[in-house]
Amino acid sequence: MSLAGNQPAESFFLRADNPISVAVVGVGVFGRNHARVYQELEQQGEPVRLVGVVDPDLDRADAVAREFGCRAFGSVEQMLTTHSEVRAASVAAPTVHHLEVARALMEAGIDVLIEKPLAASLAEANELVDLAATHKRVVQVGHLERFNPAVRATIPLITQPMFFEVHRLSVFTPRSLDVDVVLDLMIHDLDIVLAFANSPVKEVRAVGLPILSGKVDIANVRLEFESGCVANFTASRVSTERVRKLRFFQPQQYVSVDYGRQEVLVFTVGADASAAGAPTVNPQIQVAKPPVTSEEPLHAELKSFLHAVRERSTPVVPLVDGRRALALALDIVAAIREHGKKVGLAGIVKAKG
Ligand SMILES: NC(=O)c1ccc[n+]([C@@H]2O[C@H](COP(=O)([O-])OP(=O)(O)OC[C@H]3O[C@@H](n4cnc5c(N)ncnc54)[C@H](O)[C@@H]3O)[C@@H](O)[C@H]2O)c1
């Protein structure tokens, strides 16, 4: 449990009627969204106040600050000389900078939401875990799909998933190319399946190729869990279509989750058909569409983070989960490289994760 300290000063700042002063560090494509949502939450009456954005690209920081009515800074240190009251911050710098940025924030007593993937290596992730413990900080990892209403509606349906089929395909954009597609996109699904399968991974098989960038742009992975459950994942950032779907089978049931449409479909074979044992020509199949209340996942994620900050409670996606997804993603990257070596794919051996 990443519970943080409850010193008197901290509890004063975090009283329910006191808005939490927040900042966003790194305001490129995704950090700008964090700034937008913090401002929207404030306008909707949440006790939060966006006081600053930080980016070494000052033009970008200025533009985002103007758009969302706060101050722009070139570094965390600069911001803290003006805004020592900042209590929480989103870290949306490129992954290779997550550790240095989060370290500066935690050392200043600030709780952090660190975008996914948590870090570029397990050593960095471990350092983040140590920093959070030393400084008694609330740390959440930005595994956004956990807050997708379709995923939330699926959790009560899980009984004994034995087979997952997951597709996350997107068109090419020149962003997040500092990491393989496994750490950029597939990690969302790895986190969800790890949470749903609830069993240690026994075997990883993987193949991947660099297509347009110097890193792996498309990958296919097969995981086998201790429970016997199997999961197949395909992730691509070089496709002509956008697909974000997770499907799984469990006894008498097939569940299909569309992350993009925020829809869940459940196909259940009737008790009569399943009890008979013999093949049934016309089995009773019930189709259900559980109600899903649409919400922007980032709204739900940041609200949940602010709640954990205020209550000093363990966030929905704690550091340990971010580290677990990163460890698996790095194992997959290693398996892709191993496979590439075995079959003589020169590009794969060169491409670093
Ligand atoms: N949760 C999600 O669904 C999701 C989606 C997209 C991106 N992300 C994650 O968000 C992070 C940022 O991705 P992006 O697509 O916005 O990248 P981006 O390149 O568009 O933006 C990164 C910004 O960080 C700034 N920056 C660089 N070094 C910095 C530093 N030391 N301190 C502060 N700012 C710094 C850059 O100038 C840039 O403006 C990545 O970790 C990425 O994986 C998460």
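Below, each value reflects all heavy atoms present in this structure, side chains not excepted, and no hydrogens, waters or symmetry copies. One-based numbering, in listed order, for ligands and for the atoms of each.
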Q. With respect to atom 3 (O) of ligand 1, which of Arg60, His97, His188, Glu100 exhibits the smallest heavy-atom separation?
A. His188

Q) Closest non-hydrogen protein atom to atom 10 (O) of ligand 1, residue and atom name please, with distance? A) Glu115 CG, 3.4 Å

**Q.** Heavy atom of Pro117, distance to ligand 1 below 4.0 Å
**A.** yes

Q) Considering only the protein, which heavy-atom contact is closest to atom 35 (C) of ligand 1, and what is its distance? A) Pro56 CD, 3.2 Å

Q: Please check if a non-hydrogen protein atom sits closer than 4.0 Å to atom 19 (O) of ligand 1.
A: no

Q) Hey, are Glu124 and His98 close enough side-chain-wise for a donor-acceptor pair under 3.5 Å? A) no

Q | Ligand-residue contact atoms, ligand 1 with Gly142, heavy atoms, under 4.0 Å | A | 1 (N)

Q: Could you check atom 17 (O) of ligand 1 against the protein and tell me its nearest heavy-atom contact, residue, atom and distance included?
A: Val29 N, 4.7 Å

Q: Note the single closest protein heavy atom to atom 12 (C) of ligand 1, along with its residue, its atom name and the distance in Å.
A: Ala92 O, 3.1 Å

Q. What are the atoms of ligand 1, with element, lying closer than 4.0 Å to any heavy atom of Gly28?
A. 16 (O), 20 (O), 21 (O), 23 (C), 39 (O)

Q) Salt bridge check: are Asp184 and Lys215 linked by an N-O gap of less than 4.0 Å? A) no

Q.
Please report whether ligand 1 has a polar contact with Asp57, defined as an N or O pair separated by less than 3.5 Å (distance criterion only).
A. no

Q | Shortest protein heavy-atom distance from atom 14 (P) of ligand 1, along with the residue and atom involved | A | Phe30 N, 4.0 Å

Q. Would you find a donor on one side and an acceptor on the other, under 3.5 Å apart, between the side chain of Gln262 and the backbone of Glu295?
A. yes

Q | Asp184 N/O to ligand 1 N/O under 3.5 Å | A | no

Q. What are the two closest non-hydrogen atoms of Lys116 and Leu183, and how far apart are they?
A. CE-O, 4.1 Å

Q: Ignoring angles and geometry beyond distance, decide whether Leu144 reaches within less than 3.5 Å of ligand 1 through its nitrogen or oxygen atoms.
A: no

Q.
So if I count the atoms of ligand 1 from 1 in the order they appear, which ones are less than 4.0 Å from some heavy atom of His98?
A. 41 (O)

Q: Answer yes if Val230 and Leu194 sit in the same cluster of Ile, Leu, Val, Met, Phe, Trp and Tyr residues linked by side chain heavy atoms under 4.5 Å apart, and no otherwise.
A: no

Q: May I ask you to check if ligand 1 and Val101 share an N or O to N or O distance below 3.5 Å?
A: no

Q | Sole residue of Arg87, Arg312, Arg310 in salt bridge (charged side-chain N to carboxylate O under 4.0 Å, His left out) with Asp111 | A | Arg312

**Q.** Closest to atom 11 (C) of ligand 1 (judged by heavy-atom distance), picking from Gly26, Gly74, Gly31, Ala93
**A.** Ala93

(Q) What protein heavy atom lies closest to atom 27 (C) of ligand 1? Include the residue and the distance to one decimal. (A) Pro94 CD, 3.4 Å

Q. Which atoms of ligand 1 have any heavy atom of Val25 under 4.0 Å away?
A. 33 (C)

**Q.** Transitive ILVMFWY side-chain link Ile332 to Leu330, under 4.5 Å
**A.** yes

Q.
Return the closest protein heavy atom for atom 15 (O) of ligand 1 as residue, atom name and distance.
A. Arg175 NE, 3.1 Å

Q | Side chains of Val129 and Val320 in contact at under 4.5 Å (non-hydrogen atoms) | A | no

**Q.** Short N-O contact, Lys202 and Glu224, less than 4.0 angstrom
**A.** yes

Q.
Closer than 4.0 Å to some heavy atom of Thr95 - which atoms of ligand 1 meet that?
A. 40 (C), 41 (O), 43 (O)

Q | Identity and distance of the protein heavy atom lying nearest atom 36 (C) of ligand 1 | A | Asp55 OD1, 3.4 Å

Q. Relative to ligand 1, is Lys116 under 4.0 angstrom through side chain, backbone, both or neither, heavy atoms considered?
A. both

Q. Is it true that a side-chain atom of Asp217 and a backbone atom of Ser213 form a donor plus acceptor pair closer than 3.5 Å?
A. yes

Q: Output yes when a side-chain donor or acceptor of Ser199 lies under 3.5 Å from a complementary backbone atom of Ser227, and no otherwise.
A: yes

**Q.** Single hit among Phe267, Phe248, Phe164 for ring pair (Phe, Tyr, Trp, His ring centres under 6.0 Å) with Tyr254
**A.** Phe267

Q. Would you say the side-chain atoms of Gln252 and Thr268 include a donor-acceptor pair closer than 3.5 Å?
A. no

